[in-house]
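The structure appears right after this line, and notes come after that.
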Amino acid sequence: MMNHQQLSARLETVAYYVPEGAALADIGSDHAYLPVYLADRKQIRYGVAGEINDGPLKSAEENIRKAGYSSIIRAKKGSGLEVIVDEPEIDTVVVAGMGGPLIRSILDEGKDSLAHVKRLILQPNIAADRIRTWLMKEEWDLIDEVILEEDGHIYEILIAEKGTGTNAYHVDQDTRMKELWLGPHLIRKPNSAFQKKWEWEYKELNRIKEQLLNANDQDQVKKRLNEVNEKLLWLKEESIDG
C-alpha cells in the first residue's frame, strides 16, 4: 500500500528527478505523498501540494500535518498551475498520473506561471507524444526519459528544463516525428517495458490497418492508412514487429 513512506515505483522514479533543495509544486498531488516523502529525505526546501477537489485536498492537509511538515508544505486548492500563480519561489513542477492531453492542457493554460520554473517532471499515463510536442514548441529541453512497468501498466516519465526545445531530436523531420512519438531518449536505451509497449502497439496498428484496408471508401481512409503505415515502418526500424 502506497503512503508517504513507501511510494510506488512510478513515483519513486519521479522523486529521483527532483533536484536537491528544490521548491516543488506537485499538481494533482494525491494525498501529498510525494512532497511529504521528499521532505522526509530533506530533498526539498518547500512544497505545494495542488488539488482541485475538496476530498483529496483535506487528505493532503491531514497527511502534511501528521508528518509534521505544515511549515514547509502547503496544500492548496486550484486547477492545474493556478496553485503557483503567487508562488514565485517554485522551481520544480511535477504533474503525474494523468493523460498526456490533460497534462499538455495544464501546461498550456498555466504556462505564464512557469517563468521561474527550472524543471518539469511529467508522467503521462497515455499519449506522451502530445507532451513532447508541447515541450518542443515552448522551448523546453527534454533532458531525460524513463519508461517502466508496474502492476501491469507501463508508464513514461519525461524530465525537461528550459532551453531550445530541440536538444534531444534529430534535425531530419521524419526522424524527429518518430522520436516525438517513441521518445528520443527511450529509443536510445530501449528496455523490456519499451519493447512490451510498442510490441502491443504494433499489433494494434496492424489491426487498424486491416480495418482500413477493408473500408468501402478507400479515398476517405487513405490519409489514416498512410499514417498507420508510417508508424509501422518506424517500429520495424526499431526492431519491433510484434
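Computed from heavy atoms alone, side chains included, the values below leave out hydrogens, waters and symmetry copies.
Between Asp91 and the options Arg119, Arg45, Lys162, Lys118, a salt bridge (Lys or Arg N to Asp or Glu O under 4.0 Å) holds for only Arg45. When each of Ile157, Ile121, Ile159, Ile147 is checked for a side chain to side chain contact (heavy atoms under 4.5 Å, CB included) with Thr13, only Ile157 meets the rule.
Shown here for Leu81 and Gly110, the closest heavy-atom pair between the two residues is CD1-O, 3.5 Å. Taking every heavy atom of both residues into account, Leu180 and Thr133 meet most closely at CD2-N, 4.0 Å. Across every non-hydrogen atom of Arg130 and Arg104, the tightest pair is O-NH1, 3.2 Å. Residues Gly97 and Asn125 share a closest heavy-atom pair of O-ND2, 3.1 Å. Nearest approach of Val221 to Ala215, heavy atoms of both residues: CG1-CB, 3.9 Å. Residue Tyr169 comes nearest to Arg176 through the heavy atom pair CB-NE, 3.8 Å, listed as atom of the first residue, atom of the second, then distance.
Electrostatic pairing of Asp26 and Lys76 does not count as a salt bridge here, judged by no charged N lying under 4.0 Å from a carboxylate O. With salt bridges taken as basic N to acidic carboxylate O contacts below 4.0 Å, none links Lys58 and Glu61. Salt bridge Lys178/Glu238: present, at least one basic N to carboxylate O contact under 4.0 Å. The existence of a salt bridge linking Arg207 and Glu210 is excluded, since no basic side-chain nitrogen approaches an acidic carboxylate oxygen closer than 4.0 Å. In this structure, Lys197 pairs ionically with Glu156, as a charged nitrogen and a carboxylate oxygen lie closer than 4.0 Å. The residues Glu145 and Lys189 are annotated as not salt-bridged, no charged nitrogen and carboxylate oxygen being separated by less than 4.0 angstrom. Under 4.0 Å is where a charged nitrogen must lie from a carboxylate oxygen, and between Glu149 and Lys196 at least one such pair does.
A side-chain donor from one of Asp144 and Tyr17 sits under 3.5 Å from a side-chain acceptor of the other. With hydrogens and angles left out, the side-chain atoms of Glu87 and Tyr46 include a donor and acceptor closer than 3.5 Å. Side-chain contact check for Glu89 and His116: no donor-acceptor pair (N or O, by modelled atom type) lies under 3.5 Å.
Judged purely by atom type and a 3.5 angstrom limit, Gln195 has no side-chain atom pairing as donor or acceptor with the backbone of Ile240. Distance alone, capped at 3.5 Å, is enough to place a donor-acceptor pair between the Asp217 side chain and the Asp219 backbone. No donor-acceptor pair under 3.5 Å is formed between the side chain of Asp129 and the backbone N or O of Leu182. One N or O on the side chain of Asp141 and one on the backbone of Thr164 form a donor-acceptor pair closer than 3.5 Å. Asn206 places a side-chain N or O within donor-acceptor distance of the main-chain N or O of Tyr202, the cut-off being under 3.5 Å. For the pair Glu230 (side chain) and Asp174 (backbone), a donor-acceptor distance under 3.5 Å is absent.
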If you apply the rule side chain to side chain donor-acceptor pair (under 3.5 Å), what do you find for Tyr69 with Asn63, and how did you get there? CA-CA 9 Å; Tyr69 293 122; Asn63 286 334; over 6 Å; no

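Arg10 has its side chain within reach of Gln123: a pair of non-hydrogen atoms, C-beta onward, lies under 4.5 Å apart.
The distance from atom OG of Ser8 to atom CG of Asp151, rounded to the nearest 0.5 Å, is 8.5 Å. Taken from OH in Tyr16 to CG in Leu7, the straight-line distance is 16.0 Å, to the nearest 0.5 Å.
Within the 6.0 Å centre-distance limit, the rings of Trp181 and Trp198 are counted as a close aromatic pair.
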